[in-house]
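Report on one structure; see the data block that follows.
Just so we're clear, the structure is a prediction, and the values are computed from it rather than from any experiment.
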Amino acid sequence: MKKFMALSLAAMTALALAGCGSGTSATTAAATEAATEAKDTTAADTAAADTTAAEKTASDKTYIINTDTTFAPFEFENEKGDLVGIDMDILKAVAEDQGFSYEVVPVGFSAATTALEAGECDGVIAGMSITDQRKEKYDFSDPYFDSGVGMAVLADSDIDSYEKLNGQNVAAKIGTEGCKFAESIAYKYGFTVTQYEDSATMYQAVLAGEAVACFEDYPVVGYEISRGLGLKLLPTIEAGNSYGFATMKGENPELVEMFNKGLANIKANGKYQEILDTYIAK
């Protein structure tokens, strides 16, 4: 009898233990599943937070845009000391259309491209001609203005052709299409080219007799002449390249994309033409 009772107790204990073991396994599995779900949820939340943070960072970025100092009517200081012009107004309209922030730093054309290549700014808008050579280094936007090169001389000068430049000195601004063109015909017509950092100094060289002519984008020198600059623009206008907004190649592709979209939109809604009409007389 005692032996039977002992066996029964042993069997009951074994069953109890087996029951406890089964319960523990189910509980552990449930807990593991819950922990996995919690981990997945946390990972998803973290990923979502990272995406939101990235989007916020992109939208909060202020792009540094370098430009020229005196290249009216594209960029110049008005009577109040504000930087204005076609480039400035287009940039502002595009940024408002696309919702990005920027800061303009006027440093001069040559310094602007140097800063871009050194990573000191995100983009350049300064009446920059789109050329195959520049495309090797920069990513350009769609063209926003088609220009051309003209030659300006003193208002009372008898120089009316390239042939009359023989033996003379002419002025041009460093890194511009005007300078490139002047140098391309200098040997043929027998003149020398002196380069200047900015348009104002270049014009002054002609006014002071240091040069008999200057080569410049026609809307730029034409604008200054309309404001009283004592020069005249010869009728011959050489075909020029289109202007584009530039970033360093492979960098800030989103900025170029936004510029292109914004440019298309302001052309469609009439804002672009309104800007041109403000600075270029019909």
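- Side-chain contact, Ser147 with Glu177: no donor N or O sits under 3.5 Å from an acceptor N or O.
- For the atom pair CG (Leu233) and OG (Ser226), the distance works out to 11.0 Å, reported to the nearest 0.5 Å.
- Here the side chain of Asn260 pairs a donor or acceptor atom with the backbone of Asp142 at under 3.5 angstrom.
- For the residue pair Glu254 / Gln98, no side-chain donor-acceptor distance below 3.5 Å is found, with atom types taken as modelled.
- Smallest separation of non-hydrogen atoms from Asp68 and Pro106: O-CB, 3.8 Å.
- When atom types are taken as modelled, the side chain of Thr247 and the backbone of Gly123 share no donor-acceptor pair closer than 3.5 angstrom.
- Other residues sharing the hydrophobic cluster of Ile64, ordered by chain and number and joined by side-chain separations under 4.5 Å: Val105, Val107.
- The aromatic rings of Tyr223 and Phe76 sit tilted relative to each other, their planes meeting at an angle between 30° and 60°.
- Between Phe215 and Tyr162, the two ring planes are tilted [angle within 30° to 60°].
- Between the CD1 atom in Ile225 and the OH atom in Tyr218 there is a gap of 13.5 Å [rounded to 0.5 Å].
- The closest donor-acceptor contact from the side chain of Asp198 to the backbone of Gly108 lies at 3.5 Å or more, if one exists at all.
- Distance CG/Asn166 to NZ/Lys188: 13.0 Å, rounded to 0.5 Å.
- In this structure, Glu210 has no salt bridge (Lys or Arg N to Asp or Glu O under 4.0 Å) partners at least two apart in sequence or on a different chain.
- Atoms OH and SG, from Tyr196 and Cys214 in turn, are 10.0 Å apart once rounded to the nearest 0.5 Å.
- Checked by atom type and distance alone, the side chain of Tyr63 never pairs as donor or acceptor with a backbone atom of Tyr102 at under 3.5 Å.
- The closest side-chain donor-acceptor pair between Thr194 and Asn169 falls under 3.5 angstrom.
- Here Ile130 sits in one hydrophobic cluster together with Phe109, Leu116, Val124, Met128, Tyr138, Phe140, Met248; the rule is ILVMFWY side chains under 4.5 Å apart, joined directly or through other members.
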